[in-house]
2 protein chains.
Amino acid sequence: MNTLSDSASPLYEKVKDFVLGNIGSGKWARNSRLPSENELVSALGVSRMTVHRALRELTSEGHLRRIQGVGTFVAPPRPRSTLIEISNIITEIKTRGSRHRAEVVVLERIARPEPELLLAFEFETVKPVDHSVVIHFENDLPVQLEERYVNPNLVSGYIDQDFAAVATYDYLQNATPLTEVEHLISALPANAEQARLLNVRPGDCCLILHRKTWTGPVVATVNTFTYVGSRYSLGSRYLHGGK
Amino acid sequence: MNTLSDSASPLYEKVKDFVLGNIGSGKWARNSRLPSENELVSALGVSRMTVHRALRELTSEGHLRRIQGVGTFVAPPRPRSTLIEISNIITEIKTRGSRHRAEVVVLERIARPEPELLLAFEFETVKPVDHSVVIHFENDLPVQLEERYVNPNLVSGYIDQDFAAVATYDYLQNATPLTEVEHLISALPANAEQARLLNVRPGDCCLILHRKTWTGPVVATVNTFTYVGSRYSLGSRYLHGGK
DNA sequence: AAGTGGTCTAGACCACAAT
DNA sequence: TTGTGGTCTAGACCACTTA
């Protein structure tokens, strides 16, 4: 006896569809127990490995929760966290078909960093910190002010690069493996220096993106990206669920 | 002959570790071909199903690329897209240990929506649109102005709810399944109405989050969340790679 | 024709939880 | 002890690519 559809997809996909259908229709309520693997084997006429694969994949996709020795349950409604993807400004500008240009404003090694900067790096002892400020232009209009502080212990040769030619992003990506990233997005008025570099008036709205990255337990970079509010927006389109 | 580690993890995990180790050490370069499943079976002394499961999982995790009839390859370095997670404002406020309160400013059915609103909904014919404006307070300080336009064909009874008691977010989540979400984040000065409702001065920096959601091919909701720039920031911490 | 990955099975043994 | 999910195998057949 086989209650699975006849289309040409693999059996385990049909089992997944069967399960999702029963959840979607409300026949199998939230947190209720599913039939056991062996019951599904009998009911659907497929092998246990096939049922098991279907249930395992549905579990890793967040639809089910399985407890060894107990059973399989319909997972509570997913948090539906919606995500914004932050990508490379250069790629983004070029994707829009615009012309990109970068201008290096500062590229230096700071021998004695301010205490608050050391704090951001979670340094235990005073170390030099590399520092860069780059302006990114889209068709000669400044859109992003990119300020980076880099841990020279993890990234060597940072201040010897020509970041008008090489993207800081690419250089860092190859220099050290990132294991963790922290973001903070806020909206603040431009200060005098930001206004001058981005060619706006002081007090104009800016979108500020703070990004801090780690390589293992060590802070690799501390970054601040300032976007002109009226010229830029972070965007994303996200597909939910997905079968 | 067995070159896998001796720890107590499942065999397929050891195979995965073996593969990841060879990639991580550079022994198997980017885009290079892995040994075939049968070769790994011989080399590692496990069954083909076990090798297959390991490679399948590594593929779905983005480490490998497989082409039927051709082979298995080390995937090119991942785009390292970094993500911001947007969560429910109410949960967020409560997580911080603050007191949340919501105030309904507008709750109405718009019989004849403006053309630009219809455009956002991609409506083919003129339909009524439900509309709500809610202010969210954190300890009696307004932090978010939430404006929603809702498709009444997908969500029934929206304008009959008491959104001071029920979160619009929760109601919508249960009313219609979201299949797609689009976000746009920008920074703009507050207009007169925003300033009045959020208790700031006109022109003050605001963080604007536009969210548009779909149920299948149909636009379900069009939302604008306005945050006071000085009182709020979107944040996230994200673990990379991770095995 | 030979080699690759993709699927599927029947049966086995295990760890775990409930009874 | 029974039933659950977790893993593993040997062998089979298939679809696909390359030569």
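Letters A, B, ... are given to chains in the order of the sequence lines, protein chains preceding strands, and every chain is numbered from 1. Side chains are part of it too, since the values below use all heavy atoms of this structure and drop only hydrogens, waters and symmetry mates.
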Under a plain distance cut-off of 3.5 Å, with no hydrogens placed, do B/Asn38 and B/Ser36 share a side-chain donor-acceptor pair? no
d(A/Leu172 CG, A/Gln161 CD) to nearest 0.5 Å is 9.5 Å
Output field: ring centroids B/His136/B/His100 closer than 6.0 Å: yes
Provide, to the nearest angstrom, the distance between the CZ atom belonging to A/Arg56 and the C1' atom belonging to C/dT7. 13 Å
Report yes if at least one side-chain N or O of A/Thr72 is closer than 4.0 Å to OP1 or OP2 of D/dT4; otherwise report no. no
How would you label the contact of A/Ile67 with the nucleic acid (heavy atoms, under 4.0 Å): base, sugar-phosphate, or nothing? sugar-phosphate
Of B/Val70 and B/Tyr12, the one whose closest nucleotide on DNA chain D sits nearer the 5' end is B/Tyr12
Grab the CG-C1' distance between A/Leu44 and C/dC8 for me, whole Å please. 14 Å
I'd like a list of close polar pairs between nucleotides 11-15 of chain D and the protein, N/O only, cut-off under 3.5 Å.
{"from": "D/dA12", "atom 1": "N6", "to": "B/Arg48", "atom 2": "NH1", "distance (Å)": "3.2"}
{"from": "D/dA15", "atom 1": "N3", "to": "B/Gln68", "atom 2": "OE1", "distance (Å)": "3.2"}

Could you state the CD-C1' distance from B/Glu39 to C/dG5, rounded to the nearest angstrom? 13 Å
Choosing from C/dC8, D/dT7, C/dG6, which nucleotide comes nearest the side chain of B/Arg66? C/dG6
Holding to side-chain contact (heavy atoms from CB on, under 4.5 Å), I want the full list of residues that pass it with A/Thr72, two or more places apart in sequence or in another chain. A/Leu34, A/Leu55, A/Leu64, A/Arg66
Whole angstrom is fine here: how far is it from CD in A/Glu57 over to C1' in C/dC8? 14 Å
Calculate the interatomic distance between A/Phe73 atom CZ and D/dG5 atom P; express it in whole Å. 9 Å
Using 30° and 60° as the class boundaries, would you call the ring planes of B/Phe163 and B/Tyr158 parallel, tilted or perpendicular? tilted
D/dG6 P sits how many Å from B/Lys16 NZ, rounded? 15 Å
Would you say D/dG3 has OP1 or OP2 under 4.0 Å from some side-chain N or O of A/Ser36? no
Passing candidate, side-chain hydrogen bond (donor to acceptor under 3.5 Å, both in side chains) with A/Thr224, options A/Glu147, A/His210, A/Arg211: A/His210
As a test of reading the structure: which of D/dT9, D/dT4, C/dG6 is closest to the side chain of B/Ser47, going by heavy atoms? D/dT9
Which residue lies more 5' along DNA chain C, comparing A/Pro10 with B/Gly71 via nearest heavy atoms: B/Gly71
How many whole angstroms separate atom CZ of B/Arg65 from atom P of C/dG6? 12 Å
Is it true that atom CZ of B/Arg101 has more than 12 heavy atoms of other residues, nucleotides or ligands lying nearer than 6.0 Å? yes
Side-chain N or O of B/His52 versus OP1/OP2 of C/dG5: is the shortest distance under 4.0 Å? no
NZ of A/Lys14 versus P of C/dT9: gap in Å, rounded? 11 Å
